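All values below come from the heavy atoms of this structure, side chains included, with hydrogens, waters and symmetry mates left out. Note that the structure is predicted; figures quoted are calculated from it, not measured. Note that ligands are numbered from 1 as they come in the structure, with each ligand's atoms numbered from 1 the same way.
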Amino acid sequence: MDKRQTDVLNVDNYVENLEQHPSIQLAASRLKEDQVVAFPTETVYGLGGNALSDKAIEKIFRAKGRPTDNPLIVHIADQKDLDNYVKVIPNTVEKLMDAFWPGPLTIVLEHNGKIAPKVTANLSTVAIRMPDHPIALALIKAANLPLAAPSANTSGRPSPTKAEHVIEDLNGRIYTIINGGSTGVGVESTVVDCTGEKPMILRPGGITKEQIQSVVGEVLMDPALHKITEAPKSPGMKYTHYAPAAPLVLVDGDEEFFRKTIEKAQSEGMKVGLLITEEMERNFSVEKQVVIGTRSDLNSVAKNLYDALRAFEKHEVDVIYAEVFAETEIGTAIMNRLNKASGGSMILQHK
Ligand code: AMP
Ligand code: MG
């Protein structure tokens with residue numbers, strides 16, 4: 001890696017004619033030269049590269065340290081562009097696009113061979129979405145390219161919801177970051193496989209199962225999502241993802257149970273951190289407490305989740321206890337990310 005500085009280009013989301021903005025034009029010209037560019041979407045910051053060029057895609061995997069068998073999502077700026085990259089567009093997909101694009105819904109279909117093989121990790125399918133963010137759309141249009149863009153974090157870390165998070169992880173590893181402020185949804189897109197008879201959710205996200213069902217009827221969930229973890233499980237046994245600086249353990253119980261769990265850890269000499277909602281934020285005596293939002297609006301929890309996971313510094317606490325949420329609506333995506341961040345580690349109150 002050479003020592004070139006990372007350019008942080010500040011762009012106001014609300015200016016007119018964003019496509020012509022000098023920073024968007026500069027970033028677009030770099031994309032055309034197969035460089036990578038971090039940019040905001042409505043979900044999280046993405047690390048974009050030309051989806052037609054394996055050379056650009058290699059740079060994305062390298063900057064993130066991402067395993068090359070994990071395929072990327074392709075971002076387009078117009079519903080009509082889907083047709084350029086897939087074999088057939090089923091009727092259900094037309095309905096899904098009309099209902100949810102632009103927005104946090106990624107559609108998996110058989111590709112027609114135009115997208116670079118490294119994007120799809122040599123699968124026969126490709127994942128595509130149209131983001132609902134003025135900067136993302138302007139950048140795609142200015143570059144006139146489909147952009148493959150995974151989250152702009154180091155692999156394994158919480159996804160970035162602010163340009164500062166991207167800088168934290170990728171400064172000096174990429175040359176261009178567009179800073180458009182905080183992202184809105186906060187968790188990644190819902191990935192729905194539309195190659196079968198019925199749509200199947202592979203990853204819960206910003207568009208809920210309930211919303212999808214209201215448009216296309218029955219929706220399946222990938223059975224792999226239902227490997228419910230039993231409590232308690234030792235941390236680190238499984239994969240980790242979105243990992244904070246200390247082991248994360250989910251605590252499923254009432255306030256009294258939370259208190260006992262905290263006291264037990266402290267009696268063993270552990271410094272305790274809490275990831276907690278406004279409703280639960282009261283008089284726990286712990287080393288550090290981070291509020292992730294309010295139960296009365298779980299969208300606030302989704303929006304703040306990754307920032308909250310990043311808020312704990314190394315060695316600041318020995319364990320982080322987090323609340324759990326009902327797995328309906330946006331709660332499904334929140335729990336999916338919390339389960340991954342904790343590696344399945346959960347303490348359950350026997351009721
Ligand atoms: P990220 O870019 O980090 O948000 O992750 C992209 C997600 O989309 C991962 O969970 C991938 O496994 C998934 N994905 C991308 N392409 C495909 C595909 N062709 N088939 C199934 N899942 C995909
Ligand atoms: Mg990611």
**Student:** What protein heavy atom sits nearest atom 2 (O) of ligand 1, and how far away is it?
**Tutor:** P150 CA, 3.1 Å
**Student:** Between L202 and ligand 1, which residue portion shows a heavy-atom distance shorter than 4.0 Å: side chain, backbone, both, or neither?
**Tutor:** side chain
**Student:** Heavy-atom distances under 4.0 Å are what count here, so tell me which part of T120 touches ligand 1: side chain, backbone, both or neither.
**Tutor:** neither
**Student:** For V108, which part has a heavy atom under 4.0 Å from ligand 1: side chain, backbone, both, or neither?
**Tutor:** side chain
**Student:** For atom 4 (O) of ligand 1, what is the closest protein heavy atom, and at what distance to 0.1 Å?
**Tutor:** R203 NH1, 2.9 Å
**Student:** Give the residue, atom name and distance (to 0.1 Å) of the protein heavy atom nearest atom 23 (C) of ligand 1.
**Tutor:** P71 CG, 3.8 Å
**Student:** Could you tell me the separation between the CD atom of Q289 and the CZ atom of F284, rounded to the nearest 0.5 Å?
**Tutor:** 7.5 Å
**Student:** What protein heavy atom is closest to atom 19 (N) of ligand 1, reported as residue, atom name and distance in Å?
**Tutor:** T125 OG1, 3.0 Å
**Student:** What's the shortest distance from atom 12 (O) of ligand 1 to any protein heavy atom, and which residue and atom give it?
**Tutor:** N70 OD1, 3.2 Å
**Student:** Is there any N or O on E188 that sits under 3.5 Å from an N or O of ligand 1?
**Tutor:** no
**Student:** Is the Mg ion (ligand 2) less than 2.8 Å from an N/O/S atom of N153, whether that atom is in the backbone or a side chain?
**Tutor:** no
**Student:** What's the separation between atom CE in M346 and atom CG in L338, rounded to the nearest 0.5 Å?
**Tutor:** 8.5 Å
**Student:** Would you find a donor on one side and an acceptor on the other, under 3.5 Å apart, between the side chain of S29 and the backbone of L26?
**Tutor:** yes
**Student:** Considering the options N84, V74, T106, which one meets the side-chain contact (heavy atoms from CB on, under 4.5 Å) requirement together with I128?
**Tutor:** V74
**Student:** So if you build clusters from Ile, Leu, Val, Met, Phe, Trp, Tyr with side-chain heavy-atom gaps below 4.5 Å, do V126 and V191 land together?
**Tutor:** no
**Student:** Does Y45 have its ring centroid less than 6.0 Å away from the ring centroid of F39?
**Tutor:** no
**Student:** To which of V119, I73, V44 does the heavy atom nearest atom 6 (C) of ligand 1 belong?
**Tutor:** I73
**Student:** Can a donor-acceptor pair be found, under 3.5 Å and without considering hydrogens, that links the side chain of D318 to the backbone of K271?
**Tutor:** yes
**Student:** Does R66 reach ligand 1, in the sense of a heavy atom lying below 4.0 Å from it?
**Tutor:** yes
**Student:** Do L202 and I73 sit in one hydrophobic cluster, given that two such residues count as connected whenever their side-chain heavy atoms are within less than 4.5 Å of each other, even indirectly?
**Tutor:** yes
